[in-house]
Amino acid sequence: LAACGSGGPATSAGGGGAKEVTVFAAASLTGTFTELGKAFEAAHPGTTVRFNFGSSATLAQQIVQGAPADVFAAASPATMKTVTDASLASAPVTFARNTLQIAVPAGNPARVDELKDLADPRVKVALCAEQVPCGAAAAKALAAAGLKITPVTLEQDVKATLTKVQLGEADAALVYKTDVIAAAGKVEGIDFPEAGQAVNDYPIAALAKAPAGGAAKEFVDLVLSQQGRGVLTKAGFEAAPR
Amino acid sequence: MTLDARLIVNRPAFTLDIALEVAPGEVVALLGPNGAGKTTALRALAGLTALSGGHIALDGRPLHTRPADQRPVGMVFQDYLLFPHLSALDNVAFGPRCRGASRSEARRTAAALLERVGLAAHATAKPRRLSGGQAQRVALARALAVEPRLLLLDEPLAALDAHTRLEIRSGLRRHLADFDGATVLVTHDPLDAMVLADRLIVVENGAIVQQGAPAEVARRPRTDYVARLVGLNLYRGLGDGARIKVGELAFSTIEQLDGPAFVAFSPAAVALYRTRPDGSPRNLWQAVIDGIERHGDNVRVHLDGPVAAFVDITPAALADLDLTPGQRIWASVKATETHAYPA
Amino acid sequence: MTLDARLIVNRPAFTLDIALEVAPGEVVALLGPNGAGKTTALRALAGLTALSGGHIALDGRPLHTRPADQRPVGMVFQDYLLFPHLSALDNVAFGPRCRGASRSEARRTAAALLERVGLAAHATAKPRRLSGGQAQRVALARALAVEPRLLLLDEPLAALDAHTRLEIRSGLRRHLADFDGATVLVTHDPLDAMVLADRLIVVENGAIVQQGAPAEVARRPRTDYVARLVGLNLYRGLGDGARIKVGELAFSTIEQLDGPAFVAFSPAAVALYRTRPDGSPRNLWQAVIDGIERHGDNVRVHLDGPVAAFVDITPAALADLDLTPGQRIWASVKATETHAYPA
Amino acid sequence: MSAAPDRRLAGRPPWVLVVPALLGLAFLVLPLAGLLIRAPWPTLPARLAEPQVLEALRLSLVTATIATAVCLVLGVPLAWMLARVDLPGRRLVRALVTVPLVLPPVVGGVALLLVLGRRGLIGQWLESAFGVTLPFTTAGVVVAEAFVAMPFLVISVEGALRAADRRYEEAAATLGASRWTVFRRVTLPLVAPGVMAGAVLCWARALGEFGATITFAGNFPGTTRTMPLAVYLALETEPEAAIVLSLVLLAVSVIILAGLRDRWVTSP
Amino acid sequence: MSAAPDRRLAGRPPWVLVVPALLGLAFLVLPLAGLLIRAPWPTLPARLAEPQVLEALRLSLVTATIATAVCLVLGVPLAWMLARVDLPGRRLVRALVTVPLVLPPVVGGVALLLVLGRRGLIGQWLESAFGVTLPFTTAGVVVAEAFVAMPFLVISVEGALRAADRRYEEAAATLGASRWTVFRRVTLPLVAPGVMAGAVLCWARALGEFGATITFAGNFPGTTRTMPLAVYLALETEPEAAIVLSLVLLAVSVIILAGLRDRWVTSP
Ligand SMILES: Nc1ncnc2c1ncn2[C@@H]1O[C@H](COP(=O)(O)OP(=O)(O)OP(=O)(O)O)[C@@H](O)[C@H]1O
Ligand SMILES: Nc1ncnc2c1ncn2[C@@H]1O[C@H](COP(=O)(O)OP(=O)(O)OP(=O)(O)O)[C@@H](O)[C@H]1O
Ligand SMILES: [Mg+2]
Ligand SMILES: [Mg+2]
């Protein structure tokens, strides 16, 4: 059961003692997880970490369809639920949280200062679609603020939303703090109090049928370790409560 | 009989229904105007068009039930259809290869055939580099390479200029004489048919209207089409001893005929007179000049009147008579110059 | 002169260089074998192929500097190229529309022209519904509809069968006679050229090899090509009084010529003998039979020997003489049957 | 002229061709079967009745059709230039035409933003001069779809133009037709089937366009949310809904194409 | 036979065609200019030197080429069937061939997973019988690219087959060639230019394929991360890097296409 077929996919544990850990991670984790992967490899000589970055929903689909993954790090509890519902993982742990910020183009041309400025019909606001985690979070935050705003677009993911601000198409957007930090210099981030009520949790789990077995668990442990937290906070994530 | 066929092809606006028998070594020409069904008949023989009815038997075995690639038939298409991507040699070797010969065997056969049609020097040339006459000979070699029992040629000379045509025609004649299967040749050039065929079958509108030896057909045309083809005036009338009534005219002839009959005479046999002549010619009528055109060294005058006729006269005669279109004139033909036969 | 042109077109493997003068109302036929450059010359006149040199003047004004759509030229293409998506009427109306006529005006012009070529009844038919002859007449009407000063026809009869051809040829003859501009006609059928043209220009390999009135060209061919076309045996030799030396033979002629000269005679003028005859014919030579083919009602014998020659004899004579290919035979021509002229 | 060959006599199609052909067909069609099996049939009617579905479908059909029209207006002349005018560097131009084909659509969308966005090279000027902004509008959807789909039209039409018999154009020129008249009254009618086939490819591609559209025009119900966008978002939360939407899109396009294609492909 | 018309005499191209053609060209090419302007030229050499770039490029070229080969093997016979065999319901089959064109690629990827995934209709069986799994392998990339790109090949080749002169095939049949021999030795050589043109479209589309690939084959460096996937990931972290990668992809494909296309399009 553990090793999945001789002609199996490239991610299966290689022969000759070298081990492989296959991590399916949300695209927003590209930077941080790549760094953590290097750390893991350094700590476990002979083991390589292979990442499959993509949309959390796609990754969940792939896992349900039998993808040979060891670890799944999702950008929302909902997508993780797809996997746990299929009994492919149990006991996911939240390893990071991401809070929203208002992102405005460098120089803030529309003079946005706080959340309610977004209700001004002259301000073009980009939001994530409610189907994706950042959109769900934004909806929660707006509801908490009692604001009803009409965005010009509901983007497929947070990067697309940010691109709109970066290129000046939108005057403001609600995106994650991590994204604002990553795009430092091109966008400015504005904190707002209601963000606290719309925190997005990132769950991680070693998968039940993980071909890499114990190594999967070890990777999850690394993410949850102090070292992991350090990398994540540096990128703007909030550490998950212990 | 090598070939014994009854070809029936029904199309929305056209029906072909002809019977065809060809002896071994015989060359039969299908002659007819555009749209008569000549190509359709050949395609039916080759298996490229389905029969609606009838049968085809070759050497006593039924052919019409087999698909095209399993008929022992060679076909030369009107514009040759040499495969543009193959050399002359490979074009000719194509058939033997398909019929199971090894590559070298097929090439040997092909080289021998190209030699026979005098094109050994052009074996490696691609079709686009061949002149029309050369292409025609390659097409013939290609068709012969499969050792067919039935050879079909669709207007094999139509694409050639008058000069090349003369040469290629006699070459073709020689090759056909060497071939011991049945040959069916389609053409609308009477000269090609006369030179190449042992027997003519004239098809009009999907049906046979006349057949026979070339000289016989040329001498005794039975339809306007054939008459024009061989350059005769032809009328159909009612024989009554040595006279044949055609409309209001009665032609005197030397033949004695009763009942429906044809009378034919050459345009050169007609004499024209400005006033009613008083001489021996027995066949005399008044006509109106419909048109005048040069015709070789002579002048051809079109006559309207009780019968339409062509008349060939010399330019000198034209000048003497001072003919102009619309003018009334007398025309006569000696009875000895007419040729009458039963319809 | 309506048309005065010197056409030079250089191609990698071919050069056309001909001078052309056509008077108003005159019809000039360009005659020549495949690839001679006839079509190239017409295309150059129409502006579809660029001149490499030379000039074209029509009614005294230079034409070669103008693009095709601004030349007062009408062209009938070999396969007519009627626009398949337009009715016969709209095909004819196309030119006048392009030259600025209103829609109704153009249609009136077109209807009148269709009437003139006898196709008023087919005005609404699409080209695919027209027979070859009808299509040819529509193409002619379309070319005439722009009131050209120069009419160009590329093999206008080549696509027709022998039957239709006769009729259409005389119709075309009539229409060309009515046209007062210059006409250049390309053909490789000598009969078409004889019937339709006032003057023939024979082009071979991009250059003019002979020109003159049809009868003149037919009587005095100057190249093998022309001789074959008109059905004559032709030799070039050296005149010396009433004798012309051709290789080892010396032909006696009635004309007195000195220096380079041609001698021509008809295949029918040659008599064949199994043994050396002892008679009046002055021109006698021994030859080998190269081939025998039927030729109309007669038989054509190809001779090889000191000169190559065609001989036409009757089938009866063939039977009497019992000729077979490869046989040695004596051939003779009476001096009165030969025709000699300076080369 | 050539008679249509009669297939009854032509012999059975050879297995060596039929087998790969059927494999190919299966390869293209089986995934559709996968979708059909997974489709939540019981809830299908309810899902289809949702107004957003109809809205997205309507928007998709309208924008794909307008985008095809835009491609025809700009692409047919471009194809004509490539086929008929002796351009220097024609090979390079033709290769450049395929750029939107190779560019990942999302990058295509970014590139469009860089040029036609509010701060873009041309978009800037469009806004200040005409007050026109394309992103986040239905017009933006059309632009994105046209950008991605136009290469198909241009390449198909260029092929048709090269295959067309140039001699009809020459005949028209001798009748006094200018190049424009020749194009309008002779060339275009003659290559109409090729143009139609190109338009079909173009329309189908525009209908399925996702990446460039969402990147350049965004995603707002009623103005810019076409079916593929709706499908993508549904995929995030409810894969079944995504399958239903995809099937609707496919059904509509197959019905439209099956109704139209044969006439175009078979006319000579 | 028809002489090539001389363009010097043909009059100037009319503005009414040149203007839309240039607009169309600008529309296709200007976004590329936008990317070029935004490209981080100073850091470009360093970025290009990164081994992953070369790796992704190599993988893209290899998979697109193999996918094109697969499409040729399956698609040409399919096009032949559509063009030459009297199928019942041919119009429907032809419309179904366009399915991958209309299906949003991500959904296409999901559909492929449903059919060829480890738990899929056929994938299950493939694994148990042959031990072959396609998803998340380089072979999976090829499958995804072939699925998306095949319609272009099939439609182009069918068009070429319909335009080809059938009489050569008849001539071959009278020489005793079976339908397979006719196809192999006559039809295929005659429509080679059309097949080549279709293969070019197919290759370009495969090269730019993203959605179906990432969904069906995942995004593993070295095995399944093609250039478009690398572009997508770069977009997550460094948009400049994404532009560089896109430009590399475009440059390579334009160079290859400019080197090849003219020969194919112009040969008759
Ligand atoms: N594929 C076809 N479908 C329907 N009718 C056809 C087809 N091909 C030919 N015909 C019709 O069948 C008739 C006979 O045509 P066919 O080609 O056999 O004539 P033909 O005697 O060879 O004429 P031509 O001298 O012009 O070659 C014509 O009326 C023609 O219009
Ligand atoms: N487009 C072209 N490019 C190069 N050479 C050509 C072209 N068209 C014709 N030629 C060559 O020019 C020469 C003259 O051809 P042209 O078509 O004028 O001959 P033609 O006298 O009309 O012959 P035909 O009787 O076959 O119509 C030939 O050697 C031919 O191969
Ligand atoms: Mg025919
Ligand atoms: Mg010519």
Side-chain angles (χ1 to χ4, degrees), chain D residues 2 5 7 11 13-14 16-17 20-21 23-25 28-32 34-35 38 73-75 77-78 80-81 85-86 91-92 94-102 104 107 111-112 114-115 163 166-167 170 179-180 197 204-205 207-208 210 228 231-232 246 250 253-254 257-258 261-262, chain E residues 2 5 7 11 13-14 16-17 20-21 23-25 28-32 34-35 38 73-75 77-78 80-81 85-86 91-92 94-102 104 106-107 111-112 114-115 159 163 167 170 179-180 183 204-205 207-208 210 228 231 246 250 253-254 257-258 261-262:
Chain D
S2 88
R7 288 185 192 80
V16 59
L17 285 177
L23 270 180
L25 188 61
L28 292 178
V29 172
L30 265 186
L32 184 62
L35 290 181
R38 275 302 174 101
V73 169
L74 301 182
L78 181 54
W80 176 85
M81 281 240 305
V85 181
D86 246 340
R91 280 165 54 183
L92 182 66
R94 198 185 289 122
L96 284 175
V97 165
T98 61
V99 159
L101 212 62
V102 178
V107 180
L112 281 175
L114 291 175
V115 173
R166 306 277 307 259
R167 296 175 310 150
E170 295 181 355
R179 289 187 87 170
W180 164 238
R205 180 69 185 89
L207 200 61
F210 163 69
V231 168
Y232 182 85
S246 304
L250 286 184
S253 102
V254 165
L257 294 183
R261 280 295 309 280
D262 219 47
Chain E
S2 86
R7 288 184 193 79
V16 59
L17 285 176
L23 271 179
L25 188 60
L28 292 177
V29 172
L30 265 187
L32 184 62
L35 290 181
R38 276 300 175 102
V73 169
L74 301 181
L78 180 54
W80 177 84
M81 282 240 305
V85 182
D86 246 339
R91 279 164 54 184
L92 183 65
R94 197 184 291 121
L96 284 175
V97 165
T98 61
V99 159
L101 211 62
V102 178
V106 173
V107 180
L112 282 174
L114 291 177
V115 173
R167 296 175 310 150
E170 296 181 355
R179 288 186 88 171
W180 164 238
F183 173 79
R205 180 69 185 86
L207 202 61
F210 164 69
V231 168
S246 304
L250 286 184
S253 102
V254 165
L257 293 183
R261 279 297 307 283
D262 217 48

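In what follows, every chain begins at residue 1, and chains take the letters A, B, ... in the order their sequences are listed. Small disclaimer: the values here were computed from a predicted structure and weren't measured.
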J.: Could you tell me the separation between the CG atom of Leu112(D) and the CG atom of Leu30(E), rounded to the nearest 0.5 Å?
T.: 10.0 Å
J.: Between Val254(D) and chain E, with a heavy-atom cut-off of 4.5 Å, which part of the residue counts as in contact: side chain, backbone, both or neither?
T.: both
J.: Among Val231(D), Leu17(D), Leu32(D), which has the most heavy-atom pairs under 4.5 Å with chain E?
T.: Leu17(D)
J.: Hey, are the side chains of Val107(E) and Leu35(D) touching, using non-hydrogen atoms and a 4.5 Å cut-off?
T.: yes
J.: Given side chains that start at C-beta, do those of Val29(E) and Val99(D) come closer than 4.5 Å, heavy atoms only?
T.: no
J.: So for Trp80(D), is it side chain, backbone, both, or neither that comes closer than 4.5 Å to the heavy atoms of chain E?
T.: side chain
J.: Go through the atoms of Leu78(D) and report whether side chain, backbone, both or neither lie under 4.5 Å from a heavy atom of chain E.
T.: both
J.: Name the member of Pro31(E), Gly34(E), Gly75(E) that forms the most heavy-atom pairs with chain D at distances under 4.5 Å.
T.: Pro31(E)
J.: If we define contacts as heavy-atom pairs under 4.5 Å, which of Leu92(E), Leu25(E), Leu207(E), Leu23(E) has the most with chain D?
T.: Leu25(E)
J.: Can you tell which of Val73(D), Leu96(D), Val16(D) has the highest number of heavy-atom pairs within less than 4.5 Å of chain E?
T.: Val16(D)
J.: With distance as the sole test, does Arg179(E) use its side chain to make a donor-acceptor pair with the main-chain N or O of Pro14(D) at under 3.5 Å?
T.: no
J.: Rounded to the nearest 0.5 Å, what separation is found between the CG atom of Leu250(E) and the CG atom of Leu101(D)?
T.: 10.5 Å
J.: What part of Val97(E) gets within 4.5 angstrom of chain D, counting heavy atoms only: side chain, backbone, both, or neither?
T.: both
